[in-house]
Amino acid sequence: MTNPDTTSANIIDKTFDPAEIEARLYRHWESTGAFRPARPDAKPFTIVIPPPNVTGSLHIGHALDNTLQDVLIRYHRLKGEDALWVVGTDHAGIATQMVVERQLAESTQAVTRQEMGRAAFLRTVWDWKEVSGGTITRQLRRLGASCDWSNERFTMDAGFSAAVTKVFVRLYNEKLLYRDKRLVNWDPKFKTAISDLEVETREVQGHFWHFRYPLADGVKLADGRDHIVVATTRPETMLGDMAVAVNAADARYASVIGKFVELPITDRRIPIIADDHADPELGSGAVKITPGHDFNDFEVGKRAGIAAADMLNIFDAEARVAACDGVPARLVGIDRFEARKTIVAEMEALGLLDRVEDKIVQMPYGDRSGVVIEPWLTDQWYVDAATLAAPAIAAVREGKTKFVPANWDKTYFNWMENIQPWCVSRQLWWGHQIPAWYADDGRVFVAETEAEAQAQAGNIVLRRDEDVLDTWFSSALWPFGTLGWPEQTPQLARHYPGDVLVTGFDIIFFWVARMMMQGIHFMDDVPPFATVYCHGLVRDAKGIKMSKSRGNVVDPLILIDKYGADALRFTLTAMESQGRDIKLDEKRIEGYRNFATKLWNAARFAQSNGIVGSTSAMPPAATAPVNRWIIGEVVETARALDAAMTAFRFDDYASTIYQFAWSRFCDWYLELTKPLLAEGADAGIAAETRAVTGWALDQILVLLHPVMPFLTEELWHKLGSRDHDLIVAAWPVTDARLVDADTAAEIDWLIRLVSEIRGGRAELNVSPAAKLPLHVRDADAATQARIRRQTPALERLARIAAISFEAAPAGGAAQIVVDAATYTLPLEGVIDLAAERARLEKAASAAEKEAAALSGRLASPGFTEKAKPEAVEKAREDLAARSSEATRLRAALARLG
RNA sequence: GGGCGCGUAGCUCAGCGGUAGAGCACUGCCUUCACACGGCAGGGGUCACAGGUUCAAACCCUGUCGCGCCCA
């Protein structure tokens, strides 16, 4: 009924073509609502996507982040849970505004947003969003992400915007949000405040200019000098100096504290103050204080009693010198870097330039604009982050939210405990406009609508705040805003809090911290997720961070084109070992593409043998040991995968299913059952084997589906007529009673015996084509029974002609020891006796060496007394086995003569 | 300066108290009727170094060296 196959026959093609399959299956899943099956009675499982920027395109980091989320969501969907992956995009205020402004500048009209006006500009941004904003969500589909697209969200949607406004108003009314004049990181290119997290500190070669500031009123230093030397990396800021600070403990300056200097160029008198910020060990020990343009100086200024409103602001929004107390008119309007040259030249001309030295300086740059950030004194809206952080810290301390790997909680605590007031206003147009209205007299009215503000204000003219909110202010509401908050929707009741947040560790400050604060505050103290899974960065094969400028970025879409989405997903999953950075080597992807092909071919083989998918999750009844064995192996594999997923060990998950599918199922089970399916074999056993193979293959498809959804869904339908898609199939039964220890032991023995015989043959250069007779010595009744049962398998896999329990004929032979029995392959005339002697000698020595080590350990006094009883018991068993093996190998050596 | 982490096979990485593992690469053999994007077999590691704890250490502790990242 839901068969997505559009080809006429269900025959598995000789070649596996990911591109065709992926496009077809994704459309099928999405159009049939498979990503969000209705399961009202099931346990909810919820992930909210870290919303990608609407301007973005899929890079390899997204591919990793979303692959992991999809593995989780598909796994939980298969487990029968009510799995919801909330998806959507973020309006990305500054990034989007930049993109659209650039397009406008490059367009034929070459128009600026100021020329257009706010309303027209915003219409243009929305138009852009409708046309180009879907890039990344289309690309997520290429990856196979099974998100709930039917409820896709955007942070600027009406409902979400209403939530943002409500949060702003509530925080304001709770006095957790306020307007204040403080220093911000000002981006003179975009003319907006930016977050300190958007400031990138770079080391650049700069200078340290030492200026002489003349002491006022004829005062002299203890050493007789009439000036104080201060050094600065930013000479132009001297125009805004409001003090010179010295350390109270510095004897050189003790006598001048409280006196004044004549600030050159400006002819302003500024005080000499005592402050611990001045380090006697650094430079002259005296520092100029520019409270309006330096974060440290701002604090010094406040300690000295200067109110923020009185601090001098010497730059305008574009960082040009502004008209200001004492600043000469000739300097007004010139750019800050020009001003620097001018000031230095003028100081030199005044004979006040003491000296200049080269200095590496830490320079703040805007991570998007690339220009030097100016600490600037402005009125902005601030959230009292410290108050909101307290319960967010407690939630992690109390284990309500866990970081995986756990050590990220240290990073979280460190940042949260030192959190600064959060500046949430931005001087942009694209974003949530701040719901604050001003009266001409400066009064502020904060309300959800203009009408409400007007009602508060009475019959006066109001003007709305032109600024918008920081994008993170809105995305902090993502875990509940996407579920309909502030409406108390059934979705919200059911899917908040989320189970897991999957994100890069680099986003802990930006986003995780903010979601924790807002989630707890607005959702009755319930943090937004139980687990925060932090993965690492994807680097190139050499371990270098990918960047456009280095040209070492790998495009996930190109990798998908080349190897298929499944191979890329498997690679990223297999390499994800709890937060460690991933060095992505294309060879690895190629290897997992090969794995996909391997499974494809195994399914082809099964199909050509009349094997079809099972109709029941329960395994078929089985009598043959190999069938009973594989059933047990499937169950144990499913249990191991459950354990891996519970522990968020994506790498374990991938390697467990890889090993099982390839090294167990393909290499052994399919080979061991070939004789059972051959012509002339027992019809009952053949039928049982077909049923078990079909069942086991089905289970592999289910178990692998979270990582390789396309290949597995395709094979699921190729192998049988199904009444549902694999994406909504049931996880295998994991009943331990399905594991039969006796058959497991028998197949384990068989595998060891075949491997030993193969090894011996290869080492002795016996032609792979030659079929040899096998003589068994010292086999007990149980072993003889096993040999009889497994004769067809031994004949095929070990290339044995006939098995005899009679003594081998005299003469050269290869001898194999497995457990208590010795197996002889007569090779009179062809065997290299020396080589066989060497082989046996090597094996005997190894066994003896190990036996000696074990008996040494058992003889040591402390071991048997202090070690765990299991460890002692195991050592005894191992010793017995190794000694026995050594004895038999020595006997074999003796027989060889 | 503070914090986090990493140094295990040629490469990329698991393992984190009981005899060293995987994938890739490498070597030999194999056109065996699912698969050469394959099969079979094999070589390769004083687990950075030095001390210590322990009956037992790649794994725990201390220090040294080397390499990252974050914050100031």
Side-chain angles (χ1 to χ4, degrees), chain A residues 12 14-16 196-197 201 295-296 362 405 407-411 413-415 418 505-506 508-509 536-537 539 541-545 563-564 567 570-571 574-609 611 649 651-652 654-656 658-659 662-663 666-667 670-671 674 678 754-769 771 796-799 846 849-854 856-868 870-875 878-879 882:
Chain A
I12 301 174
K14 189 155 169 56
T15 53
F16 165 45
D196 50 1
L197 296 169
T201 304
F295 287 96
N296 287 317
Q362 309 285 326
N407 51 289
W408 285 115
D409 60 13
K410 291 199 181 67
T411 303
F413 290 139
N414 187 265
W415 193 73
N418 295 296
F505 63 80
D506 50 330
I508 291 174
F509 305 138
L537 258 46
R539 299 169 175 278
K542 294 189 200 107
I544 298 166
K545 195 168 168 177
Y563 301 102
F570 201 100
T571 307
M575 299 195 69
E576 175 53 36
S577 53
Q578 298 221 326
R580 190 165 168 149
D581 285 353
I582 291 176
K583 289 181 200 171
L584 187 65
D585 188 343
E586 223 176 295
K587 296 291 281 180
R588 209 56 197 259
I589 310 174
E590 189 183 318
Y592 293 125
R593 187 269 322 266
N594 296 350
F595 173 61
T597 307
K598 179 77 181 179
L599 202 65
W600 181 266
N601 281 304
R604 273 181 67 218
F605 165 76
Q607 188 175 63
S608 70
N609 279 276
I611 288 159
R649 287 308 304 247
D651 52 347
D652 280 351
S655 68
T656 298
Y658 181 97
Q659 290 298 332
W662 197 321
S663 306
C666 291
D667 288 350
L670 290 183
E671 296 304 326
K674 277 176 182 174
V754 169
S755 298
E756 287 290 331
I757 294 172
R758 282 172 171 172
R761 291 175 59 122
E763 252 183 282
L764 297 169
N765 284 320
V766 176
S767 156
K771 287 198 159 197
R796 184 182 173 97
L797 300 190
R799 307 287 297 165
K849 193 179 157 202
E850 275 187 43
L854 286 162
R857 195 192 304 174
L858 284 161
S860 86
F863 182 66
T864 43
E865 292 159 28
K866 297 186 184 174
K868 284 177 289 188
E870 310 91 84
V872 178
E873 183 52 31
K874 182 166 187 303
D878 289 352
L879 174 60
R882 302 273 80 176

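Naming convention: chains lettered A, B, ... in sequence-line order (proteins, then strands); numbering from 1 in each chain.
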**OP:** Under 3.5 Å for both distances, Watson-Crick or G-U wobble, that's the pair rule; now give the dot-bracket for RNA chain B, with | marking pairs to another strand and [ ] for crossing ones.
**Re:** ((((((((.[[[[.)..(..]]]].(((((.......))))).....[[[[[..)....]]]]]))))))).
Subject >> All salt bridge (Lys or Arg N to Asp or Glu O under 4.0 Å) counterparts of A:K874, not counting sequence neighbours >> reply: A:D878
Subject >> Residues forming a side-chain hydrogen bond (donor to acceptor under 3.5 Å, both in side chains) with A:S663, sequence neighbours excluded >> reply: A:Q659
Which protein N or O atoms sit under 3.5 Å from an N or O of nucleotides 30-32 of chain B?
none

**OP:** Could you list the residues that satisfy salt bridge (Lys or Arg N to Asp or Glu O under 4.0 Å) with A:K598, not counting sequence neighbours?
**Re:** none
Subject >> Touch class at under 4.0 angstrom, heavy-atom based, for A:N418 against every strand present >> reply: nothing
Subject >> Contact residues, residues 585-593 of chain A to RNA chain B [heavy atom, < 4.0 Å] >> reply: A:K587, A:R588, A:R593
**OP:** Would you please name every residue forming a salt bridge (Lys or Arg N to Asp or Glu O under 4.0 Å) with A:R649, sequence neighbours left out?
**Re:** A:D651
**OP:** Could you work out the separation of B:rG44 and B:rG39 based on their C1' atoms and round it to a whole Å?
**Re:** 22 Å
Original post:
Over how many whole Å does the gap from A:F413 atom CZ to B:rC4 atom C1' extend?
Top reply: 14 Å
Original post:
What pairs with A:R588 under side-chain hydrogen bond (donor to acceptor under 3.5 Å, both in side chains), at least two apart in sequence or on another chain?
Top reply: A:Y592
**OP:** Look at all strands and tell whether A:K674 reaches a base, only sugar-phosphate, or nothing, counting heavy atoms closer than 4.0 Å.
**Re:** base
Original post:
Got a sec, which residues hit ring-ring contact (aromatic ring centres under 6.0 Å, His included) with A:F16, two or more places apart in sequence or on another chain?
Top reply: A:W600
Original post:
Where the side chain of A:K598 is concerned, which of B:rC71, B:rG38, B:rC24 is the nearest nucleotide?
Top reply: B:rG38
Check nucleotides 17-20 of chain B against the protein and report each pair of N or O atoms closer than 3.5 Å, with its distance, or say if there are none.
unit_1 : atom_1 : unit_2 : atom_2 : d
B:rG18 : O2'    : A:R857 : NH1    : 3.1
B:rG18 : O6     : A:K868 : N      : 3.3
B:rU19 : O2     : A:E850 : OE1    : 2.9
B:rU19 : O2     : A:E850 : OE2    : 3.4
B:rU19 : N3     : A:E850 : OE1    : 2.3
B:rU19 : O4     : A:E850 : OE1    : 3.4

**OP:** Answer with base, sugar-phosphate or nothing: what part of the nucleic acid does A:S608 contact at a heavy-atom distance below 4.0 Å?
**Re:** nothing
Original post:
Looking at residues at least two apart in the chain, or sitting in another chain, which of them share a salt bridge (Lys or Arg N to Asp or Glu O under 4.0 Å) with A:E671?
Top reply: A:K674
**OP:** Only counting residues at least two apart or in another chain, list the ones meeting ring-ring contact (aromatic ring centres under 6.0 Å, His included) with A:F509.
**Re:** A:W415
Subject >> Distance, nearest 0.5 Å, that separates CG of A:N594 from CH2 of A:W662 >> reply: 6.0 Å
